Amino acid sequence: MGPNATFRQSAFDPAEYFNPTNSRPPFFQAFDASFFDVLGDSPSIHQVAENATWAFAHEGPVYIPYTDEVIFASRAGGDLSFSDWDNNNQMCKISMSDIESALEAAGDEQISVPYTVLDINEDIQMANGGTGPFEGEVLVITSGRGYLPPSIVRLNPYPPFKTTVILDNYFGRQFNSLNDIKVHPSGNLFFTDPTYGYLIRFRPMPLLPTQVYRLDPRTGSVRVVADQIGLPNGIAFSPDGSTAYITDTVSRAGFLGVNQTLPATMQVFGPLPLRRYNQGTNHHQIRVRR
């Protein structure tokens, strides 16, 4: 760049986002040629719904093939969330067929398809991540609210949206504020537990380290599988399940502010065992990093 070049000062200021091609947002940015295999020949980005007064679409989108809908959660705490220690966030759904019809009719014009706020019972407090379908239902991971515990909840995607809590503690202690969850090909559930609920002021002081866990839904066994990530956030697996990808977003820490010297990274773990765990093998830790 040279000594007289203009260098970036912030990784968090939208005006300074890394954009070496000076493309106009929104756009796809590829750092590896294999990404084009994912994008295909003619990728496009379209806004399909909006609400300027409420952060209604923030986390946990899950596509439901039976209904051709996407279920998602509004922001939990923070600006335009209308949720805090005393007020829950919301889950919504939107029809994919409605979106496709609106896009076809609009041509190059912007669209905003109506979404529906779901009437869900109090089992779900501050919904955050989601995945599925899992045995015909959606897995919702919640951050908890106030002294109400974070939890993993099965949500039936059909009205009246029946819920079943399958986990809300680790050996009797509440989790901090569960964030994201994925189903491994082995059938086990892996999930992350940062402290964002406390950092965004809708959860009490943390009781546990920030960790990544594995739940065997057959036996109920819960184990820590990673414990050296600052704020473990999103989690995903490679298609064959041999590799786990976990983001660390400790550089943005709620009321503690932004610290560019801390990680804003993705950690890679593997290889992972692909078999189901049993009583003799369920203490495997995913500590191999690349």
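The figures that follow rest on heavy atoms only: side chains count, while hydrogens, waters and symmetry mates do not. Just so we're clear, the structure is a prediction, and the values are computed from it rather than from any experiment.
- Interatomic distance, Tyr17 OH to Phe12 CZ, rounded to the nearest 0.5 Å: 9.0 Å.
- Distance alone, capped at 3.5 Å, places no donor-acceptor pair between the Gln110 side chain and the Gln47 backbone.
- Considering all non-hydrogen atoms of both residues, Pro43 and Phe28 come closest at CB-CE1, 3.5 Å.
- Taking CG of Asp84 as the start and CD1 of Ile200 as the end, the distance is 12.0 Å to the nearest 0.5 Å.
- When every heavy atom of Gln29 is checked against every heavy atom of Phe18, the shortest pair comes out as NE2-O, 2.8 Å.
- Formation of a donor-acceptor pair under 3.5 Å by the Gln267 side chain with backbone atoms of Asp248 is not found in this model.
- Arg154 places no side-chain N or O within 3.5 Å of a backbone atom of Glu137 that could act as its donor or acceptor partner.
- Met126 places none of its side-chain heavy atoms less than 4.5 Å from the side chain of Tyr196.
- Between the side chain of Asn89 and the main chain of Ala127, a donor-acceptor pair closer than 3.5 Å is present.
- For Ser81 and Ser83, the side-chain atoms include at least one donor-acceptor pair closer than 3.5 Å.
- Contacts of Tyr198 classified as ring-ring contact (aromatic ring centres under 6.0 Å, His included), with partners at least two apart in sequence or in another chain: Phe255.
- Between the side chain of His46 and the backbone N or O of Val48 there is no donor-acceptor pair closer than 3.5 Å.
- Looking at heavy atoms from C-beta onward, Leu189 lies out of side-chain contact with Thr131 at the 4.5 angstrom threshold.
- At a threshold of 4.5 Å between non-hydrogen side-chain atoms, the residues Leu272 and Phe237 count as touching.
- Contact check for Val70 versus Met96: side-chain heavy atoms found under the 4.5 Å cut-off.
- With hydrogens and angles ignored, the 3.5 Å screen pairs a side-chain donor or acceptor of Asp193 with a backbone N or O of Ser177.
- Under the 3.5 Å distance criterion, the side-chain polar atoms of Ser143 are left unmatched by any main-chain donor or acceptor of Gly197.
- A pairwise comparison of heavy atoms in Leu231 and Pro194 identifies CD2-CB, 3.9 Å as the closest pair.
- Closest heavy-atom contact between Tyr115 and Ala49: CD2-CB, 4.5 Å.
- At least one donor-acceptor pair under 3.5 Å links the side chain of Arg145 to the backbone N or O of Asp86.
- With hydrogens and angles ignored, the 3.5 Å screen pairs a side-chain donor or acceptor of Ser251 with a backbone N or O of Pro263.
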Sequence neighbours excluded and cut-off under 3.5 Å, please list the side-chain donor-acceptor pairs for residues 97-105, or say none.
unit_1	atom_1	unit_2	atom_2	d
Ser97	OG	Ser95	OG	2.9
Ser101	OG	Ser97	O	3.0

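- Among all heavy-atom pairs drawn from Thr210 and Gly230, the shortest one is OG1-O, 3.0 Å.
- Using a 4.5 Å cut-off on side-chain heavy atoms (C-beta onward), Ser74 and Trp54 make contact.
- Looking at heavy atoms from C-beta onward, Ile71 lies out of side-chain contact with Pro61 at the 4.5 angstrom threshold.
- Counting only N and O atoms by type, the side chains of Ser221 and Asp216 include no donor and acceptor under 3.5 Å apart.
- Using a 4.5 Å heavy-atom cutoff, the side chains of Leu148 and Thr142 are not in contact.
- For the pair Ile124 and Met91, the tightest heavy-atom approach, listed with the atom from each and the gap, is CD1-SD, 4.0 Å.
- For OH of Tyr147, the number of neighbouring non-hydrogen atoms (other residues, nucleotides, ligands) closer than 6.0 Å is 12 at most.
- Side-chain atoms of Asn87 and Phe82, non-hydrogen and from C-beta on, never get closer than 4.5 Å to each other.
- Among Tyr170, Phe171, Phe190, the one residue that satisfies the ring pair (Phe, Tyr, Trp, His ring centres under 6.0 Å) test with Tyr213 is Tyr170.
- No donor-acceptor pair closer than 3.5 Å links the side chain of Ser151 to the backbone N or O of Val153.
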